[in-house]
Each structure stands twice: as structure tokens, then as C-alpha cells.
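Throughout, numbering of the chain's residues begins at 1 and tracks the sequence.
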Amino acid sequence: GVEVGPQPQGVARADVLDKMRKIVKHGLDFVQLFNEGKEFPPCTIEVFKIMEKVDYPRNKNGEIIAIIHPKLQDQDWQPLKNGDPLFLTLDGEVIPYQGNCTVYPTFINEAAYYEKKQAFVKTEKIQLTAKHLRLSVS
């Protein structure tokens, strides 16, 4: 499967649809070239590995007491460092990120995740290395 976003629920965006088409085309091109016997050299790619899901701050009754800070909103995949603004309480108090490493939040303030108690997902940037790849003929 391919999931391309973020985009709001129930919204069809032309730019996101175009990205999805390009990703699927690249996948199909790879399969065709592989099946034709093309050799692919080793390569390295940066990816984002999910660390944990982060909930909104809540009171003892389970009600949300802070929202995503404006400086974090729409900053999916951007670095978040210790001390950076994370949440903003309804009283205007800034709740900073407290972490021992830089993380890359994604799915920030997505409407579909409110019911799942998820304000965003913390990810870490890692590198994956693929070995040489070629169809072996039997």
C-alpha cells in the first residue's frame, strides 16, 4: 500500500494525488526493470522510523488541556529539539519538548487521530543501506 499525505479527512488534493501517482509509477518502473534483469547498485536512503505516539496533555478527567503550538503546526518531518515549543495551554503557557535527542514529528494535529489520543508521532531519522540487487536466473 501507499499512503501519501498529510491531508485532511475527506479532502482530495491534486498535489497529493500527483505525488501518489509518481510513487506508484516509480514502483512499477522498478518492478519492470528488475524483471528485465537490470542490476541495481548498493544504495543508502534516509528514512524516518517511528519511535512513539504522543498524546495531548490532559487533565485528570481525560480532557485535552493544551493544543499544538503554532510553531509546530504544519512542520511535519522537521527537526524538533529539546526546548522547542510543543504545546500551548488554553492559558497561554508554552509546554516545550523535553527530549535527549532531536526527533522528527509527523501526523501533527491530524483530525483523524484525536479519537486515538495522538497529537503527533515522534520519529527518528535513520539511514538504510540496500545491497546490490539483481534478478537471479534459475
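- Between D74 atom CG and I108 atom CD1 the span is 8.0 Å, to the nearest 0.5 Å.
- Inter-residue side-chain proximity for T89 and I95 is flagged as met; some heavy-atom pair is nearer than 4.5 Å.
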| query | Between Y113 and D55, is a side-chain hydrogen bond (donor to acceptor under 3.5 Å, both in side chains) present by the stated rule, with each step listed? | reply | CA-CA 10 Å; Y113 297 120; D55 192 8; over 6 Å; no

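- Ionic pairing of K19 and D15 is not present here: no N-O contact between side-chain nitrogen and carboxylate oxygen is shorter than 4.0 angstrom.
- To the nearest 0.5 angstrom, T123 atom OG1 is 8.5 Å from Y104 atom OH.
- Taking all atoms of both residues into account, the shortest heavy-atom contact from K71 to P85 is CD-CG, 4.1 Å.
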| field | Derivation of the side-chain contact (heavy atoms from CB on, under 4.5 Å) call for V94 and H69 | value | CA-CA 8 Å; V94 174; H69 192 280; 3.9 Å; yes

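- No side-chain heavy atom of R13 sits less than 4.5 Å from a side-chain heavy atom of L17.
- With a 4.5 Å cut-off on side-chain heavy atoms, I68 and Y56 count as touching.
- If you take CD on Q32 and CZ on F34, they are separated by 13.5 Å, rounding to the nearest 0.5 Å.
- Taking a 6.0 Å sphere around CD of E39, one finds it holds more than 12 heavy atoms contributed by other residues, nucleotides or ligands.
- Atom OG1 of T102 is separated from atom CD of E124 by 11.5 Å, given to the nearest 0.5 angstrom.
- How far NZ of K122 is from OG1 of T106: 14.0 Å, rounded to the nearest 0.5 Å.
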| request: Decide yes or no on side-chain contact (heavy atoms from CB on, under 4.5 Å) for V54 and E52, but give the supporting numbers first. | output: CA-CA 6 Å; V54 178; E52 68 177 310; 4.3 Å; yes

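- Side-chain atoms of Y114 and N109 include a donor-acceptor pair closer than 3.5 Å.
- In this structure, the side chains of L86 and L80 come closer than 4.5 Å at one or more pairs of heavy atoms.
- The shortest distance between side-chain heavy atoms of M51 and V103 falls below 4.5 Å.
- Taking all atoms of both residues into account, the shortest heavy-atom contact from G83 to P96 is O-CB, 3.6 Å.
- Linking Ile, Leu, Val, Met, Phe, Trp and Tyr whenever their side-chain heavy atoms come within less than 4.5 Å leaves I65 and L72 in two separate clusters.
- Listed for the N59 side chain is a donor-acceptor partner under 3.5 Å among the backbone atoms of N61.
- A heavy-atom distance below 4.5 Å is not found between the side chains of N100 and N82.
- Atom CD of Q98 has 12 or fewer heavy atoms from other residues, nucleotides or ligands within 6.0 Å.
- Hydrophobic clustering places L28 together with M20 (ILVMFWY residues linked when any side-chain heavy atoms are closer than 4.5 Å, directly or through intermediates).
- A ring-centre distance under 6.0 Å is not found for F120 and F107.
- The shortest distance between side-chain heavy atoms of E110 and Q118 does not fall below 4.5 Å.
- Annotation: the span from F30 atom CZ to K38 atom NZ amounts to 10.5 Å, rounded to 0.5 Å.
- Taking the side chain as every heavy atom from C-beta outward, I126 and V47 approach each other to under 4.5 Å.
- Crowding of R21 atom CZ: a count of heavy atoms from other residues, nucleotides or ligands under 6.0 Å not exceeding 12.
- When the shell of 6.0 Å around CD1 of I50 is examined, it contains 12 or fewer heavy atoms from other residues, nucleotides or ligands.
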